[in-house]
Chemist: 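Please read through the structure below; I'll follow up with questions.
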Number of protein chains: 2
Amino acid sequence: MDKKSPISVTLTPRLESVTVTQWVYQTLRSAVMKGQILPGRALTIRELARVLGVSPMPIREAIRQLSAENALEIQGNRRVMVPKMTAMKFNELCEARIALEPYAAARAMPYLDKEKIEQLRAINALGDQAMAQGNLEEISSLNQGFHRLLYAANPHQVTLPLIESLWLQLGPFMRLATSSLEEYYVIDRHNEAMQAIEKQDSVALQLAIKADIREGIAFVNTPEALHNFIEQSNYAAAN
Amino acid sequence: MDKKSPISVTLTPRLESVTVTQWVYQTLRSAVMKGQILPGRALTIRELARVLGVSPMPIREAIRQLSAENALEIQGNRRVMVPKMTAMKFNELCEARIALEPYAAARAMPYLDKEKIEQLRAINALGDQAMAQGNLEEISSLNQGFHRLLYAANPHQVTLPLIESLWLQLGPFMRLATSSLEEYYVIDRHNEAMQAIEKQDSVALQLAIKADIREGIAFVNTPEALHNFIEQSNYAAAN
DNA sequence: TTTGTATTTTTGTGATCACAATGCTCTAAT
DNA sequence: ATTAGAGCATTGTGATCACAAAAATACAAA
């Protein structure tokens, strides 16, 4: 029936207050993040409409939004797909994160009240828990939640959407890459970040965030390892 | 007929090879950039469809894309408008530019061959010309073109879309603000940038870009001036 | 004049349809 | 066996329609 591999996205029930388009957007977004849609796999509006059980219209809108966020790529043939990763692009994405996120953290720090600090601590605790259990899904999800909550403290938000776009581009590759690791070491820099926040030490916070990002991608530290992971993540789509 | 101020966007003829949605997107985008759509002015799909002479469908897609780029804001009432500027947000946007653009320039520098350097020089020359004539429109357009061409030299592009999003958010305010200035001093840092590129001096290039951005917003250097300009740019929409 | 309510209009949303362009498949010729 | 081309199926695009929600309006009472 389908020429390529079948698409299976996790379907969550739609709340009534949410429009179909919003639900489709969230569903496709998390599918991309989870690596459920392989890079290079050609997507069609009608196929997705069938899979999600809606009309083509909401799909079109969600796809356009995701393309604007660089989560999907519209080719010249007006075909849509999850962009494939390259070593250079991966490098650029990581460096862009390092250029933006420490800055965003420093900008958010003055707005962190006791309540938000407590929330950050709570996420951190859950993260340690997930780490002990070796739950990769949970670890990366909580790690992302920590960063998001931190940056979002700044009420005059302009960087978070940009950072989310970077995450969205890195997400699928990171999932596919880490899924094959039996062990995933994360030297936790979040505690260092928390201490910097308590001292209101902007420089220390930036260094902690920077280190956290660098170490989060340390598993592809060598060029060969990176190359292997990229080959692997693009393999299924290459057929 | 219309409850609020009429919308007048500059309509350029559509090329055949361009889809209606793309044309609508470009038209609305440049209208936002030119400040033709006042911040806070409520936009409706049908009204825009009437103004542009197309069906509501392409408008919907273009609006969704522009919203994803933070050029438009979808309110809870699911009403769409150009976001209003605040002093804090303006500050955040400028600082985000300064965090990203010098970095993007440094990342692009190794890829600047003679041809691209020549193109940059040509834009620079046109910029000086526009400056002599006091053509504000042209000055800011060429200035943006210079930056875009510089960053775009990097073939593994991830930052340019983020930067364009920042420009899109600053654009309308800058236009409205500078339009009331009879003189608009621009101390040209582009030549400094060019020299840094020739020497392949990454640090000097970053400093030049940083200075260029800072001086580009110097006309609202004092908090009072900024406040006045914001009041003024939001005035028409406040009625 | 102001305030609350009922009526009318307009709006976003999502589905469906027509059409031209693109990709796919099957066949025939080399 | 490989390839070129014709025919067919599928696609994205853009227009139109139905409907419920929201906003604007009109009108009543204070």
Chemist: Below 3.5 Å, does any donor atom in the side chain of B:Arg60 face an acceptor in the base of C:dG14, or the other way round?
Modeler: yes

Chemist: Taking atom P of C:dT10 as reference, at what distance in whole Å does atom CG of B:Leu43 sit?
Modeler: 18 Å

Chemist: Between C1' on D:dA9 and CD on A:Glu47, what's the gap in Å once rounded to a whole number?
Modeler: 15 Å

Chemist: Is a side-chain N or O of A:Thr27 found less than 3.5 angstrom from the main chain of A:Trp23, in a donor-acceptor match?
Modeler: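 At least one qualifying donor-acceptor pair exists.
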
Chemist: Salt bridge between B:Lys89 and B:Glu92, side-chain N to carboxylate O under 4.0 Å?
Modeler: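 Here B:Lys89 does not pair with B:Glu92 in a salt bridge, since their nearest N and O are not under 4.0 Å apart.
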
Chemist: Rounded to the nearest angstrom, tell me the gap between atom CD in B:Gln75 and atom C1' in C:dG12.
Modeler: 14 Å

Chemist: Looking across every strand, which nucleic acid part, if any, lies under 4.0 Å from A:Ile74 by heavy atom: base, sugar-phosphate, or nothing?
Modeler: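 Counting heavy atoms under 4.0 Å across all strands, no contact is made by A:Ile74.
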
Chemist: From C-beta outward on B:Arg79, which listed nucleotide comes closest to its side chain: D:dA23, D:dA15, D:dT16?
Modeler: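 Selected nucleotide (nearest to the side chain): D:dA23.
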
Chemist: Grab the CD1-P distance between B:Ile59 and D:dT13 for me, whole Å please.
Modeler: 16 Å

Chemist: Do the side-chain N or O atoms of A:Thr21 get closer than 4.0 angstrom to the phosphate oxygens (OP1, OP2) of C:dG14?
Modeler: yes

Chemist: Does a side-chain N or O from B:Thr44 land closer than 4.0 Å to OP1 or OP2 of C:dT11, or not?
Modeler: yes

Chemist: What's the closest nucleotide to the B:Thr19 side chain, out of D:dG14, C:dG14, C:dG12?
Modeler: D:dG14

Chemist: Where the side chain of A:Arg46 is concerned, which of D:dT16, D:dT13, C:dG23 is the nearest nucleotide?
Modeler: D:dT13

Chemist: Report the nucleotide, chosen from D:dG12, C:dA15, C:dG12, that has the shortest atom-to-atom distance to any side-chain atom of B:Ile45.
Modeler: C:dG12

